[in-house]
Every structure is written in C-alpha cells, then in structure tokens.
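Whatever order the structure lists them in is the order used to number ligands and atoms, beginning at 1.
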Amino acid sequence: METIKVESPANIAFIKYWGQKNHQLVLPNNDSFSMNLSGCKTQVTFEKQTDKKARKLLIKNYQSKEYILASDGEMIKVNDFYDTAKKYLHTDQDFGFTISSENSFPKKAGIASSAAFFSALALAFSLAWGKKLTKKQLSILARLSGSGSACRSIGDGFNWWEKGEDSDSSYAQSIASPQYWDLVDLVAILSKEEKKIGSQEGHKNVFSSPFYQFRLQDVVRRSKAITQAFIKKDFTHFGELMEEEALSMHFVMMTQQPPLYYWSGKTIELIKQLLILRNKGIEAYYTIDAGENLHLICEQKSLLKVKSFLDTNKDVQDIIINYPTEGTKLL
Ligand code: PMV
C-alpha cells in the first residue's frame with residue numbers, strides 16, 4: 001500500500017475571485033491575488049488501495065482529536081475530482097484510496113478550507129498516478145477541482161491568478177516569496193459554524209447582481225493599484241484597496257439572487273471597533289472571505305497591538321495568526 005503525505009495552506013485573497021465565465025472549466029471573470037496562510041494548513045495522507053472500489057475520506061476537524069467520515073456531499077466532490085484528475089493526467093489506470101485530512105483551522109468558515117484541501121489533493125492525486133507536474137500544471141489541476149481558489153495555494157508566498165482565456169492559460173503563480181513583506185493575517189474567529197451555502201453555488205449567480213458589471217471594471221483598476229502598493233510596500237494604500245475590494249465582492253454577494261449574507265452582526269461590530277483602533281494610529285485593515293470571520297491584516301510591527309485589541313473583544317472566540325508561507329508540498 002502506497003502512502004503519500006502532503007500539506008497545503010489556505011490563502012486569503014486581497015483581490016477576490018467572484019464569478020466565472022465557464023463553470024465547467026472554473027474560469028474566472030477577473031484576476032485575483034492572495035497570500036498563503038502559515039497557521040491555516042491542511043495535511044492530507046493519501047493511501048492508495050488496490051481495491052478500486054475502496055474509497056474513503058476521513059476528516060479531523062480543527063481542535064478535534066478524532067477522524068470522522070466525510071459527508072456524502074464532500075465524498076462526491078472528491079470522486080468528481082478523481083475523474084477530473086484522471087482525465088487531466090491522461091491516464092487509464094484506476095485505484096481505490098483512503099484519504100485522511102487534518103485541518104489546523106475551522107472548515108467552511110471563510111478561511112478557504114476547500115482551497116487548502118483541494119490543492120493538497122491535486123498534488124496527492126498526481127503523485128498517486130506517478131506524474132511529476134510543474135507548478136503551472138498543478139495550479140491548473142487544483143483550479144479544476146471546482147474550488148478555483150485552490151490554484152492560488154500551490155505557489156509560495158504571494159500568488160497571482162491570471163484569469164486567462166482558456167484552461168491552459170488560467171493558473172496562479174508566485175509573484176513574491178514569503179519573506180518579501182512581513183504582513184500578518186490575524187483571523188478573528190467569531191463563529192466556527194459551517195456556512196450553509198458554498199461559494200460554488202454563489203459563483204453561478206453573480207450576473208443577477210446589478211453591481212456585478214461595475215465590479216468587473218472596477219476590479220481591473222483596483223488590481224493595478226494594489227500591485228503598485230505591493231511593489232512599493234505602501235501598507236496604507238494597500239490596506240485601503242484591500243478593504244474596498246472585500247466590500248465590492250460582498251456587495252455583489254448580498255445583491256445577487258439568491259442573496260448571500262456571509263456577514264453577521266458581530267462582523268460589522270468588529271469592523272466598527274477596528275475603525276476606532278485605526279483612528280488611534282494602529283494600522284490594520286480587514287478583508288472577509290465567504291464567511292463571517294474577519295481577517296485583520298497588519299505589518300509585523302503592529303502585531304502585538306492588533307492581537308491585544310482582539311484579545312479584549314468579547315465576540316472573538318479564537319485568533320489564528322498567519323504569516324506568508326510556502327505553497328503545497330510533499331512531506
Ligand atoms: O475557490 P472557490 O471556488 O471556493 O471560491 C471562493 C472564492 C472566494 O473565497 C470567495 C474569494 C477568493 O478569491 O478567495
């Protein structure tokens with residue numbers, strides 16, 4: 001029995017991916033840009049089985065001691081990805097498998113757990129089929145998992161996903177190493193509850209929002225501007241653009257049909273408190289993924305102050321501190 005152990009980080013997008021021009025191929029309507037998260041990782045242990053019908057997915061959730069059997073919905077996604085990977089890798093060979101997946105953070109709570117899992121699985125599947133892929137090929141395969149943002153967890157540090165024209169030109173690449181900028185992402189856990197509607201449903205309905213067309217133009221301007229701020233390490237401008245971007249995506253989410261309200265009252269309350277903190281001269285900016293938990297981004301020099309701000313907030317159940325980190329790797 002062959003065992004493959006891989007690890008992959010979740011990533012937080014500064015420029016978000018929301019909406020697809022091709023659902024089947026998971027081709028996005030705009031470029032996106034993210035940072036890998038050192039404190040939010042998924043370890044996947046992949047055991048290849050000779051019995052082709054033997055397929056199992058076991059999940060050890062955040063702060064849990066035991067593995068539990070995945071839901072039917074989760075197993076369907078893994079089986080679909082197996083078929084996609086087999087096709088992408090041009091192989092006829094079949095095998096069974098037991099996958100054990102362990103998270104260092106809550107899943108389905110706006111911290112990109114599916115990106116971490118499917119990027120890890122892309123590497124595990126390719127190795128199980130005996131293929132050595134380039135980072136570009138791995139990124140494409142991770143994108144095809146259905147969780148498109150998984151393609152941004154493959155490269156190290158900071159990754160840019162070029163929307164591309166077709167499947168071969170839509171992939172993410174590292175544009176800066178983890179050491180490039182000492183940014184910190186403090187994830188303020190306001191709830192560990194799993195969201196009811198996943199992003200894959202949401203991507204399909206973006207054009208029902210009257211704001212989506214505007215976003216598509218505006219995000220191009222913002223992507224250029226944030227690149228300049230990133231090159232100059234101009235944190236103030238970078239943070240302002242990042243917040244603008246989070247709002248832009250969530251306006252679309254809330255105004256598409258059916259609407260997606262990922263925020264809770266606690267999310268808004270913490271944003272208001274953050275604005276007060278900023279007025280005191282402590283620079284931290286927020287972004288929000290598909291969940292109610294807030295990501296506070298600051299530079300290393302502000303970390304202790306931002307952490308004690310979160311420590312004293314009654315709604316914050318937990319804080320996960322993340323630095324930029326390497327991408328998907330074999331352990
Ligand atoms: O990667 P998906 O298909 O699960 O889509 C999620 C996209 C967001 O997390 C909401 C935004 C992003 O770019 O990370």
Given the rule in the salt bridge (charged side-chain N to carboxylate O under 4.0 Å, His left out) test, do Asp92 and Lys86 qualify, once you have shown the distances and angles that lead to the verdict? CA-CA 7 Å; Asp92 291 332; Lys86 187 179 162 192; 5.8 Å; no
protein heavy-atom neighbour closest to atom 12 (C) of ligand 1 works out as Arg152 NH2, 3.4 Å
Checking side chain to side chain contact (heavy atoms under 4.5 Å, CB included) between Tyr212 and each of Asn29, Thr255, Asn205, which is the one that passes? Asn29
Go through the side-chain N and O atoms of Ser100 and Thr45 and say whether any donor and acceptor fall under 3.5 Å apart. no
What about Ser199: any of its N or O atoms under 3.5 Å from an N or O on ligand 1? yes
Could you list which atoms of ligand 1 come closer than 4.0 Å to a heavy atom of Asp289? 8 (C), 9 (O), 10 (C), 11 (C), 12 (C), 14 (O)
Consider every N or O of Gly148 and every N or O of ligand 1, then say whether any pair is closer than 3.5 Å. yes
Modelled atom types, side-chain donor and acceptor of Ser302 and Glu299, under 3.5 Å: no
Can you tell which of Asn30, Asp31, Ile226 makes a side chain to side chain contact (heavy atoms under 4.5 Å, CB included) with Val219? Asn30
Which of the atoms in ligand 1, numbered in the order shown and given with their element, are less than 4.0 Å from a heavy-atom of Gly146? 3 (O)
Close-contact set for ligand 1 against Ala13 heavy atoms, below 4.0 Å: 12 (C), 13 (O), 14 (O)
For ligand 1, which is the ligand I care about here, please tell me if Tyr17 has any N or O atom under 3.5 Å from one of the ligand's N or O atoms. yes
For ligand 1, which is the ligand I care about here, please tell me if Lys16 has any N or O atom under 3.5 Å from one of the ligand's N or O atoms. no
Distance from atom 1 (O) of ligand 1 to nearest protein heavy atom, with residue and atom: Ser149 OG, 2.6 Å
Looking at Gly202, is its backbone amide N or carbonyl O close enough to the side chain of Ser199 to form a donor-acceptor pair, meaning the two atoms are under 3.5 Å apart? no
Nearest neighbour in protein (non-hydrogen) for atom 5 (O) of ligand 1: His203 NE2, 2.9 Å
Answer with yes or no whether Ser147 contacts ligand 1, where contact means a heavy atom under 4.0 Å from a ligand atom. yes
Of Ile282, Leu304, Leu277, which is the lone residue that meets side chain to side chain contact (heavy atoms under 4.5 Å, CB included) with Phe309? Leu277
Reference residue Trp129; test ring-ring contact (aromatic ring centres under 6.0 Å, His included); the match among Phe46, Tyr88, Tyr82: Tyr82
Taking both backbone and side-chain atoms of Trp18, is any N or O found less than 3.5 Å from an N or O belonging to ligand 1? no
